[in-house]
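Scroll down for the structure; my scribbles are underneath it.
Sequence lines set the chain letters: A, B, ... in the order given, protein chains first and strands last, and positions in each chain run from 1. These numbers come from a predicted model, not from an experiment.
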Number of protein chains: 2
Amino acid sequence: MSSNPADLLPQARIRLAALELFGAQGFEKTTIRQIAARAGVSPGLVIHHFGSKNRLREHCDDWVMEFLEQEKTLLTLGPQPGLRDYLAEHPEYEPVIAYLTTGLREGGAIADRIYNRTVTMTASLLDLAEAQGLVHMPQDREATVAFLAASSLGLLMLSEQFARQLGGQQLDDPDVVERYGLVAAEVFTHGLFTPAYLETLQAANTTTPGDGNERPRNPDH
Amino acid sequence: MSSNPADLLPQARIRLAALELFGAQGFEKTTIRQIAARAGVSPGLVIHHFGSKNRLREHCDDWVMEFLEQEKTLLTLGPQPGLRDYLAEHPEYEPVIAYLTTGLREGGAIADRIYNRTVTMTASLLDLAEAQGLVHMPQDREATVAFLAASSLGLLMLSEQFARQLGGQQLDDPDVVERYGLVAAEVFTHGLFTPAYLETLQAANTTTPGDGNERPRNPDH
DNA sequence: GTCTATATAATGATAGAC
DNA sequence: GTCTATCATTATATAGAC
């Protein structure tokens, strides 16, 4: 991620190449030969430095998580107006975002780490907003954080389909950013359903659950 | 999916075995030999009936989408109280849900089909709710539908991490269902942020975007 | 540290007997 | 339709020269 890849030492070039390929193609579809070719070294050197393909993945995982610790802003970015310009100023973030997205999709250890990191970040941002009186916190704070974290990361995982429906191709396309930003703001400020909706749901929760009648009342659909 | 797998014809057993394995392990990690073993046939017969591993996947895709057309309720299910009992009554849905989740994660053709189907379903449900006066629709209806569809499917893709944080293991665990249901109802009814939040965001959108200052105002984080 | 050459294993797909 | 046997390819990982 530092300046020119050709200036990096072979070991760093290998890690960078692996990071980019894992993020773009996924772990399974990426071969050691591809990584070696992109890094400009032999396949044998990849194994010599990292032991195995799996250990190379772990190194990439650690590297990305450490990168996120230093660049805390990255995990707070959603499809809001500033995103496009922010990414334009920091082109070295793109492979990291691809790695995060692919890592979440593939599951495994890195997905848990990203999710947990997002939860922590979301919680502190929510604390900040609450301290400024900008939020009226639901009773279940932990569930709120979980819901927000899963929603934002879920949107990232579905960014391709989401952006396409909104007339763009990427999450940071201007049209996508504007339309999503306005809707999210509206929904998260005024809500989407009338209070009558909430009352029927709460009534269903206090009565016998599982009779099947409360299903259509789910506000998530 | 019909009664006992042993009663099915070999071709149907192969399709069922492939569906379950693709959903549980993903397409890449599943081998033709595994499918054949689970279906109780030889690897050669798998190819003889479906031509190739990729064509077998396409058959599974088509089968699942057709299944969804008949069982429309399935795609409207979120982690609400009725889910657990509903799935208990229909154990044959579990492999389908796993296939949907894994298919969304792996991307490709099936992910688009699932997303588009969810959008259609979400739109009609929103229409229904609006007709009953239960929803105050944002200006951008299409973006609202896209947001709701991506949110619910994103939650499905992250159900493992989400459920774990809420003290469960699956999306349909009682604790998870109850806590999520209440928070979602609260957020989607009353909203999460104060109107001041919305005003600052709209002000940022009408002025010059991309100065970086409107980033922390994103209500999604 | 870096390379070439190769061992070893597993996979998707084919061929042909029954 | 169903099987066994096998081909051809590709992958990770190793061994050893330089």
Tell me every residue that passes side chain to side chain contact (heavy atoms under 4.5 Å, CB included) with [X], counting only those two or more places apart in sequence or in another chain.
| X | answer |
| --- | --- |
| A/Ser42 | A/Leu45 |
| A/Ala123 | A/Val145 |
| B/Arg13 | B/Leu8, B/Pro10, B/Ala39, B/Val41 |

* Structure fact -> Each nucleotide of nucleotides 4-18 of chain C classed B (base within 4.0 Å of a protein heavy atom), S (only sugar-phosphate) or -, in 5' to 3' order, makes B------BBSB----
* Asked: What nucleotide, of D/dT2, D/dC3, C/dC3, holds the atom closest to the side chain of B/Val41?
  ->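 Nearest listed nucleotide: D/dC3.
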* Which nucleotide, D/dT2, C/dC3, C/dG1, lies nearest any side-chain atom of B/His49? ->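 Nearest nucleotide to the side chain: D/dT2.
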* To do: Please collect all ring pair (Phe, Tyr, Trp, His ring centres under 6.0 Å) contacts where either partner lies in residues 23-49 of chain B, sequence neighbours excluded, each pair once.
  =>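 Applying ring pair (Phe, Tyr, Trp, His ring centres under 6.0 Å) to every pair that reaches into residues 23-49 of chain B, excluding sequence neighbours, yields B/Phe22-B/Phe27.
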* Of all residues at least two apart in sequence or in a different chain, which pass the salt bridge (Lys or Arg N to Asp or Glu O under 4.0 Å) check with A/Arg84? ->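 Partners of A/Arg84 under the salt bridge (Lys or Arg N to Asp or Glu O under 4.0 Å) test: A/Asp173.
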* Using atom CZ of A/Arg55 as one end and atom P of D/dT14 as the other, report the distance to the nearest whole Å. =>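 Interatomic distance, CZ of A/Arg55 to P of D/dT14: 12 Å.
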* To do: Would you kindly give the CD1-to-C1' distance between A/Ile35 and D/dA13, to the nearest whole Å?
  =>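 To the nearest whole Å, that distance equals 14 Å.
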* If the plane angle is over 60° it's perpendicular, under 30° parallel, otherwise tilted; pick one for A/Phe147 and B/Tyr180. => tilted
